[in-house]
Visitor: 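Here it is: the structure, laid out below.
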Amino acid sequence: MRRQYPFHLIEPKWQRYWETEAVFRAWNPGDVIPANHPFARRHGLSGAVPADRLPPKYYILDMFPYPSGAGLHVGHPEGYTATDILARYHRALGRNVLHPMGWDAFGLPAEQYAIRTGQHPRKTTEANITVFRRQIKSLGFSYDWSREIDTTDPRYFKWTQWIFLKLYNSWFNPASGNAEPIETLPCPAENADAFRDSKRLAYVSHAPVWWCEELGTVLANEEVIDGKSEVGGFPVTRRPMRQWMLRITAYAERLLAGLEKIDWSESLKEMQRNWIGRSEGAEVQFSLAGGGQAITVFTTRPDTLFGATYMVLAPEHALVESITTPEQHAAIVAYKAEVSRKSDLERTELAHDKTGVFTGAFAINPVNNEKIPIWIADYVLATYGTGAIMAVPGHDTRDLEFARQFDLPVRVVVQAPAGDESIGFLGDGVSADSDFLTGLPTPEAKKKITAWLEEKGLGRKTVNYKLRDWLFSRQRYWGEPFPIVWQPGPDGQFRHQPLPESALPLQPPPLTDFKPTSTGEPPLARAVEWVELPGGARRETNTMPQWAGSCWYYLRFTDARNDHEFCGPAAEKYWMGTEPSGQSTRPGVDLYVGGTEHAVLHLLYSRFWHNVLYDLGCVSTPEPFFKLINQGIILGDDGQKMSKARGNVVNPDDILGEYGADAFRLYEMFMGPLEMVKPWSTKGVEGVYRFLGRVWRLFIDEESETKFEQSQAAGGAENPAALADIKVSAVIKDVPATPAQLKTLHACIKKVTEDMDGFRFNTAISALMIFVNDAIAWETRPAGVMSDFLKLLQPFAPHLAEELRAKISDAPTLAWEPWPRFDPAVLAEDKVEIPVQVNGKLRDKIVVAAGVSPEEIQAAALASEKVQQFIGGNQVKKIVVVPKRLVNIVV
RNA sequence: GCGCGAGUGGUGGAAUGGCAGACACGCCAGACUUAGGAUCUGGUCCCGAAAGGGGUGGAGGUUCAAGUCCUCUCUCGCGCACCA
């Protein structure tokens, strides 16, 4: 296809200019700002400027990518374009904009590639970053590249390790509800060390964890989906291992409460709430019929206690062994073996048929002293609540299924509202057959029974969470090593000890074989010289998970080159705190854009770390991300998810080569609302590309362009300098605009500005198109109007806007020029057209002077012949006049 | 099963409760052209020659007025899912 305009010369030209002039550099308080920087000229500031004299900040952040070997995907630039448009818009509004980019580069694919090829992950990672950087730069985003970060850079992960030490050296004080330095923890005289270790926010656990054989590592709960690894979809099994955990459960309440203060979509907040999974209920103790240790259950429906007809323990429950009777012993052992053989996947897939075995033991229901049988069944999870339940088959679907399977008694103890079937009724009703609860509505019954249990010492009100502590270690090479050594004690036991801050960064050892060892130890164990320290101490050989680096990268961006601190307090306060000028009420990152895939992983982990850092006085706000938008994914042109197998993957490089970056950016925004899932259409790219061609022709003298093209074709090699030979069209003149032209311009300013504030980029672009469709018919195009149009176009199609602006003006760059202001007076119409309806149906349109009274509008409407025709002989019952809007005549 | 979100032309999508279909794709016709996969002009929800009528997944309701608000229902997408 014939090129609409020489984007292939224009785009690299401006990208080079922006880069060499550091046009998009964001200035920290105290930075020395050169007087010739466009920021300095715009704001009349230069030299070292303190925070209170800098303009209001705007921190707009993308979720930084994992630089995979596949290169950039069309999904990446969707969010990046949206943030870039807003970054440019806010610069034009006069804000100091922080808009950074970096690489979340620790990760499994690089390591697996290394295992297959022997290529060091550092090398593949660097190669991938190079590709990503080139691709992202070719889109003309206004990032401040001086703040580029890479999570695998020792200058970066030094501080990831430093934050780990902060966690390690802290405990959560339930009294204050805050993390505090471990020194403040009151310890018993004996076993003080062990006590402290049991309270740290980073601690060692020996519990069963998800192990993925195929990946050769353990995974966090959040990384396991339907019994398979989130990465690769490999089966996982449960196995007890020594692992590092982070005490995120201590923050469950704070993480829930914090959601109320931030501007995220309701669905995203809901996902986090579901993951945290708070439920209020009661713990109830059931004593054993034959004596022995009582069994505690958790229930959200203590009001149904009279309906408990049996009890179920998880097969893994600690008491199973001791309560099982000799007769049942063999069956129990067999069942436990069967359950442990099943992967989690099988357990969920076979969820329909309930299985279980009677232990032979009985418990006493504390409210009525009934003997109820104790079973074990895998529908009760060891990891939730107390791992034991009281079964109320009358009012719980699962218990009912189980009771029917094994012919256990079912008792109705909640009367459903009239009409509903009572057996299996799950909602709130009125207690029945429940002694002192009978007749009480469910909420009251809950209160009464809980109080009764507390009084008798048989139970208490509790809150349970689905959220588990965060499994924080991985058996990988390509991750941050833990700044921990294991020291042998006098008893021969090894004890963990933190490295001093001065020992950071702790670099991973050089290796050539990245597989786990034959004994199942992590790959780092292969580096014997690195692991074994003088005096018999050994380094921790696990590494941190990929999430570690992304938990705090937004903080590093505020002060990315600081060698002394993870980020300087002044920078952190300026960019993340409430502004000193008081002009922003948005704590943290003003706007964060990224995909939903991180809804419960990165976004929950980050909030957790940030809360801890806040408690420890390292950051000035408790929540990191004030506003968050999830961009919708882009499907293939067949409406299916893009995948290599379907062959519907669109490569951004191809689109860029054929239509240019501006067209690509514009198309991604024109497709539809940012949050929506939408299919790709290369035809659609052609549409916006044609639009950019029309913009070009709005400004350019055709004859000079034809000559330019001929010389380019003749000259063989294409010469960017020749762009100067393209002349401005003669119809662009330095003349005052007509009222109609001003109206077109201001309608465009109004719409684009409003849409920017509402993140409606698709309709903003259509407003730009409307301007162009109109302006193309103008015989004279006033330079001032055309220049303002370019300022509106600049955030969307910056290269073309800069090039055209440079042709009609001497100003060096558009990037820092003030956003055009909309003047309502210009748009004021002296006449308005008003639709007239009869009985809600459009019948005519009348034109009246603006500002006339409703009575006059009504008279004009009734004067219409067409309207009279539809009224006919009927009596007019009512006339609704909405000034400037519409008239409705009811007959 | 539970929780979110969405259903509007052939397509992507527009519409503070106030003219449904902006803008664009596609298609049709025309102009300019040696040519057109360039550009420009006009047309394009459905039925109807027109007048007019119908129309935002479906059924009700509120209102002078409903794509928009309420109730029920269907379909699709996403998330969670034996969480007691």
Side-chain angles (χ1 to χ4, degrees), chain A residues 1-4 225-226 265-275 277-279 281 297-301 304 312 314 347-348 350-352 354 377-381 383-392 395-399 401-402 426 464-467 596-597 599-600 630 632-633 635 637 639 667 670-673 675-688 690-691 693-694 697 702 751 754 760 762-770 772-773 776-777 833-845 877-882 884-891:
Chain A
M1 205 206 290
R2 186 178 181 273
R3 215 175 256 130
Q4 290 274 353
I225 294 168
D226 291 339
S265 72
E266 203 42 50
S267 69
L268 187 57
K269 287 185 182 181
E270 201 55 30
M271 274 192 233
Q272 293 222 338
R273 286 189 200 109
N274 285 342
W275 192 263
R278 182 185 199 275
S279 57
V297 303
F298 172 72
T299 177
T300 53
R301 293 296 300 270
T304 62
V312 186
R347 263 172 92 153
T348 45
L350 302 173
H352 328 292
K354 294 272 181 294
D378 68 355
Y379 83 92
V380 173
L381 307 175
T383 49
Y384 183 77
T386 60
I389 61 158
M390 62 177 207
V392 185
H395 305 287
D396 182 285
T397 321
R398 299 146 302 177
D399 294 347
E401 273 175 41
F402 190 82
L426 307 175
N464 236 295
Y465 301 92
K466 282 201 270 182
L467 185 69
T596 21
E597 66 271 22
V600 285
N630 284 126
I633 57 167
L635 304 172
D637 56 7
Y667 174 64
F670 189 58
M671 289 170 84
E675 288 106 317
M676 214 179 241
V677 177
K678 41 206 176 280
W680 178 268
S681 155
T682 300
K683 282 281 181 201
V685 187
E686 284 175 23
V688 294
R690 275 203 286 269
F691 160 71
R694 279 204 300 282
R697 291 189 294 276
E702 268 183 58
K751 181 70 177 149
E754 286 168 358
R760 293 179 298 264
N762 54 331
T763 49
I765 292 166
S766 69
L768 295 170
M769 288 173 168
I770 290 168
V772 170
N773 290 345
I776 213 140
E833 189 188 64
I834 298 180
V836 182
Q837 297 179 336
V838 178
N839 284 343
K841 285 191 186 192
L842 179 69
R843 294 307 182 187
D844 199 8
K845 290 176 183 183
K877 289 188 193 130
K878 182 175 184 179
I879 300 180
V880 180
V881 179
V882 185
K884 293 184 192 172
R885 278 276 176 205
L886 139 158
V887 178
N888 191 12
I889 300 167
V890 187
V891 296

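A note on names: the letters A, B, ... follow the listed sequences, proteins ahead of strands, and every chain is numbered from 1. All values below were derived from every heavy atom in this structure, side-chain atoms included, with hydrogens, water molecules and symmetry-related copies excluded.
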Visitor: Is A/Thr300 touching bases, backbone alone, or none of the nucleic acid, heavy atoms closer than 4.0 Å?
Guide: sugar-phosphate
Visitor: Think A/Ser279 has a side-chain N or O under 4.0 angstrom from the OP1 or OP2 of B/A84?
Guide: yes
Visitor: Please give the distance between the C1' atoms of B/A15 and B/U68 as a whole number of Å.
Guide: 9 Å
Visitor: Checking A/Glu270 now: which residues fulfil side chain to side chain donor-acceptor pair (under 3.5 Å) with it, not counting sequence neighbours?
Guide: A/Arg273
Visitor: If only side-chain N and O atoms of A/Lys878 are considered, is one of them under 4.0 Å from the OP1 or OP2 phosphate oxygen of B/A65?
Guide: no
Visitor: Is A/Gln272 near enough to B/G79 that one of its side-chain N or O atoms lies under 4.0 angstrom from OP1 or OP2?
Guide: no
Visitor: Would you please classify the geometry between the A/Tyr379 ring and the A/Phe402 ring as parallel, tilted or perpendicular, with 30° and 60° separating the classes?
Guide: tilted
Visitor: If the sugar-phosphate is the primed atoms plus P, OP1 and OP2 and the base is the rest, what is the B/S/- string for nucleotides 18-24 of chain B, using protein heavy atoms under 4.0 Å?
Guide: BB--BBS
Visitor: Here's a test of your reading of the structure: between A/Lys751 and A/Pro679, which maps to the more 5' nucleotide of RNA chain B?
Guide: A/Pro679
Visitor: On a whole-Å scale, what distance lies between the P atoms belonging to B/A38 and B/A50?
Guide: 32 Å
Visitor: With sequence neighbours excluded, what pairs up with A/Glu754 under the salt bridge (charged side-chain N to carboxylate O under 4.0 Å, His left out) test?
Guide: A/Lys750
Visitor: Please list, chain by chain and in numerical order, all residues satisfying side chain to side chain donor-acceptor pair (under 3.5 Å) with A/Thr386, sequence neighbours excluded.
Guide: none
Visitor: Any side-chain N or O of A/Lys678 under 4.0 Å from OP1/OP2 of B/G12?
Guide: no
Visitor: Under the side chain to side chain donor-acceptor pair (under 3.5 Å) rule, collect the residues that match up with A/Asp396, sequence neighbours excluded.
Guide: A/Arg398
Visitor: Name the orientation of the base relative to the sugar in B/G9: syn if the glycosidic angle is within 90° of 0, else anti.
Guide: syn
Visitor: Suppose we screen for salt bridge (charged side-chain N to carboxylate O under 4.0 Å, His left out). Which residues come up paired with A/Arg760, at least two apart in sequence or across chains?
Guide: A/Asp755
Visitor: Who are the side chain to side chain donor-acceptor pair (under 3.5 Å) partners of A/Asn762, not counting sequence neighbours?
Guide: none
Visitor: Residues in salt bridge (charged side-chain N to carboxylate O under 4.0 Å, His left out) with A/Asp844, at least two apart?
Guide: none
Visitor: Using both pair distances under 3.5 Å as the test, note the stems of at least 3 consecutive Watson-Crick or G-U pairs that include RNA chain B.
Guide: B:1-7 with B:74-80, B:10-12 with B:23-25, B:26-31 with B:39-44, B:45-47 with B:52-54, B:57-61 with B:69-73
